[in-house]
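Only one structure is covered here, and it is reproduced in the block below.
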Amino acid sequence: MAAAENDALPGGKVGGIGDVVRDVPGYLAHLGCTVSVVTPSYGVFAGLPGARRLAAVEVRFAGARERMAVHEIPAAAPVERVRHFTLDHALFAACGRGHIYCEDPPERPYATDASKFALFCAGVATAVNDGVFGAVDVLHLHDWHTALVLALRRYDAGYAALRELRCVFTVHNLALQGVRPFAGDESAFERWYPGLRYSRTALGDPRWPDCVNPMAVGIRHADAVHVVSPSYAEEVLRPSTVESTGFYGGEGLEADLAKAQREGRLFGILNGCEYPAEPPPTLSTWPELLGEMRAAVLRWSAEAPSLASAHFVAHTRLARLPTARPETLLTSVGRVAPQKLRLLREPTDDGRPALERMLETIGAQGAFVLLGGGDPDYEQFLTAVAARYDNFIYLRGYSDTLAGALYAQGDLFVMPSSFEPCGISQMLAMRAGQPCLVHGVGGLRDTVDDGVTGFVFDGADPAAQADALVARLAAALALRARHPKRWQTMRRRAAAQRFGWQRSVEAYLEHLYRTGSRPHAVAQPA
C-alpha cells in the first residue's frame, strides 16, 4: 500500500486515509496476507525511535538524479506480517517538518503537494520494481497522491515489471484531484518526468486538456477502482450539478467512472470502524468535558503570538457555561470545509443560515459544540455565529480527548455533509451510543438508518436541504422529549451497529485484489 497518510505512525493522519491505512493491513494479515505500507517521511518519520534504514532508491526526477532513503518504522501497535516503511527526501518536508499537506495560493493549486507526491510516486515505483519490499502481488494506491505510479507503469519502460502486478486505486475524496499543467510551470508533469513519451489524452483532465489529472489517471489505468461506500459508488456516476442542486457527483470524472463500471473495474466497498472489546477511556462527566474544553482553548491560544478571534470567543463562551450539563447537547467533530458545513451556512426559508435556526431550536437550555479546523472562511463564519449565540461553542482545533468525550457525552451528533464518500465520525458517534442527524448522501446513507439509529434529511437543492436539516432536528428533539423510552431504544440500536473491517477486507480480497486474474489492459479515457 502506498498512501500520503498512515495513522499507524505518530502524526501520520489528517483525514480518513490515515484511518484506513492504519486498520486495513492488520485485517489483511489476519486473512493470510503480508502487507507493506509506504508513505513519505515528511521530515519526521525517518527519525522516529526504532527507525531502521534498509536501502536507498535513486530516481530520475525534474532533470536530476534524486536519492531517497528507505526506512522501516516500528508501529505503535505492531501487527505480525505488517511492515511500515517511509521514503525520506528533503522535498517531502517542503512545507515544514511533519506537515503532510501544503496550502498553495489559489492561482497555483496543489503546486507544492503535486511535486512532492510526483517524486514519491517515482520512489514507490522504483522501490517496488527493485524488490525493496520483497515479492509483491498487489500494489494498492490511495487517492490522487499516489496515482502517478500508474502513469509511470504505463509509459516508462524502466517500470515494465509493474505491469505484471495487479494495481488497485482507492478514491477517498473525488473532489480533490491534484490537477496540474502538463508543461509551462515548475510544478508540471513534463517538469517532473522530462523526456517521458506519453499520451495527453490518456492522462489529461476532461475539462482542461492542457492539464494532467492524477485522479483520472488512477481511475483510467488501475485494474480495480474502489470507492469507499456503495452509495457513493452510485453517486459518482452522475454529473455534478452543484450550482443548481448542490449535488456533488462525479466531479467531472463521471464518464471515466462509468467506463470503469462497464469494464467491471468499479467497486463500492464501505470503510470500516474498530470496535474494541473495552470502550476507549474518555471524559465521563460534563464538568470534566467543560474543564478540558477550557484547557484546550488555552493551549491553542498559546501556540501563536497573537490571539485568534475564534479562541477568544470560545474562551468567553466557555467561561459563561454553567457547571450543570445542558438539557440538550448537540455535537459535531470533523474538518471545517465546504463539503462538511456548507449546509450550516445555507439560508433557510426565512433568510437566516441553518446554523442559527438550529441554535434557536435547541434553545437557551441547550448547547451545540463543534470541534474542528480548516477552511478560514468557514472558520470565520462559525466564529461570528458563536459571538452572537450563547449556546454555540466553536472549538477551532482538534484533540482526540475532546473528540472522544463529545462522541460519548452528546445527545445528537450532527453531520450535514453536502457529500460524504464514507465518513467515520458518524460511526464513532454511534459506537458511543449517540444517534446521528445526517444528510442522506454517500456513506452517511449507508450507515445511519432513519428513525432507527438516527435521523436522515434530504432535499432537491441546498435551500431545501437546509430547511430539511432544521425540521429534522426539531423532530429529533420532539421525539426525545415526548418519547424517552423510544429515544433510549434508538441509542441502544446505534451502539449495537457494527461496520467492522472484517467484511470489508474480505471484499477487498474477492473484488479488488483477485490475484489470480490478469492485470487490466491500459484503459483509454472515456
Side-chain heavy-atom pair [X], [Y] within 4.5 angstrom cut-off:
X	Y	answer
W144	V171	no
V236	E251	no
H89	L119	yes
C102	K116	yes
P25	R83	no
M430	F499	yes
W501	V20	yes

### Task
Could you check D137 against R166 for salt bridge (Lys or Arg N to Asp or Glu O under 4.0 Å), going step by step and ending with a plain yes or no?
CA-CA 7 Å; D137 301 302; R166 185 167 176 83; over 6 Å; no
### Task
Show your working on side chain to side chain contact (heavy atoms under 4.5 Å, CB included) between E506 and L509 and close with a plain yes or no.
CA-CA 5 Å; E506 289 172 353; L509 291 173; 5.7 Å; no
### Message
Centroid separation under 6.0 Å, is that true for the rings of H226 and Y513?
### Response
no
Ignoring hydrogens and angles, write down the donor-acceptor pairs under 3.5 Å from the side chains of residues 400-408, residues two or more places apart or on other chains.
residue : atom : partner : partner atom : Å
D400    : OD1  : Y398    : OH           : 2.8
Y407    : OH   : S425    : OG           : 3.4

Can a donor-acceptor pair be found, under 3.5 Å and without considering hydrogens, that links the side chain of [X] to the backbone of [Y]?
X	Y	value
H221	A202	yes
S41	T86	no
R81	V35	no
R163	R153	yes
E164	A160	no
D450	V456	yes
R180	P109	yes
N129	G158	yes
Q434	L412	yes
S229	Y232	yes

Shortest non-hydrogen contact from [X] to [Y]?
X	Y	answer
P421	Q339	CD-NE2, 3.8 Å
E235	G442	OE2-N, 2.7 Å
Y378	P338	CE1-CG, 3.6 Å
N213	R207	ND2-NH2, 3.7 Å
V128	L165	CG1-CD1, 3.7 Å
F169	D143	CE1-O, 3.2 Å

#### Entry: Trace of the side chain to side chain contact (heavy atoms under 4.5 Å, CB included) decision for F419 with N173
CA-CA 10 Å; F419 68 96; N173 191 338; 3.5 Å; yes
### Message
Here's a test for you: under side chain to side chain contact (heavy atoms under 4.5 Å, CB included), which of V333, L330, T331, L341 qualifies with L370?
### Response
L341
Just by distance, no angles: are the side chains of [X] and [Y] close enough, under 3.5 Å, to form a donor-acceptor pair?
X	Y	result
R445	S231	yes
T39	N6	no
H140	T170	yes
Y275	Q497	no
R486	T489	no

When rounded to the nearest 0.5 angstrom, what distance separates [atom1] in [X] from [atom2] in [Y]?
X	Y	atom1	atom2	result
E5	Y101	CD	OH	3.5 Å
R492	W487	CZ	CH2	13.0 Å
D23	C273	CG	SG	8.0 Å
L473	F455	CG	CZ	9.5 Å
F267	L512	CZ	CG	6.5 Å
K259	L266	NZ	CG	12.5 Å

### Query
Which of parallel (below 30°), tilted (30 to 60°) and perpendicular (above 60°) describes F189 and Y193?
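F189 vs Y193 ring planes: perpendicular.
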### Query
Would you call the rings of F457 and H439 parallel, tilted or perpendicular if under 30° counts as parallel and over 60° as perpendicular?
parallel
### Message
Holding to salt bridge (charged side-chain N to carboxylate O under 4.0 Å, His left out), I want the full list of residues that pass it with E66, two or more places apart in sequence or in another chain.
### Response
none
### Task
I would like to know whether E72 and R53 meet salt bridge (Lys or Arg N to Asp or Glu O under 4.0 Å); could you show each step before the answer?
CA-CA 6 Å; E72 183 171 3; R53 191 179 189 275; over 6 Å; no
### Task
For the pair R265 and D223, evaluate salt bridge (Lys or Arg N to Asp or Glu O under 4.0 Å) and give the outcome as yes or no after the intermediate values.
CA-CA 6 Å; R265 296 186 296 116; D223 302 313; over 6 Å; no
### Task
Take E254 and R238 through the salt bridge (Lys or Arg N to Asp or Glu O under 4.0 Å) test and state the conclusion after the steps.
CA-CA 6 Å; E254 54 273 3; R238 292 177 276 166; over 6 Å; no
### Task
Please step through side chain to side chain contact (heavy atoms under 4.5 Å, CB included) for the pair C436 and M415, ending with a clear verdict.
CA-CA 7 Å; C436 297; M415 199 163 174; over 6 Å; no
How would you list, by chain and number, every residue that makes a side-chain hydrogen bond (donor to acceptor under 3.5 Å, both in side chains) with [X], sequence neighbours excluded?
X	value
T126	Y159
Q409	none
R97	none
H71	none

### Residues R480, D411: salt bridge by 4.0 Å N-O rule
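Looking at R480 and D411, the cut-off is met.
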### Message
Under the criterion side chain to side chain contact (heavy atoms under 4.5 Å, CB included), I'd like the reasoning laid out for V212 against V179: C-alpha separation, chi angles, the key distance, then a yes or no.
### Response
CA-CA 6 Å; V212 61; V179 177; over 6 Å; no
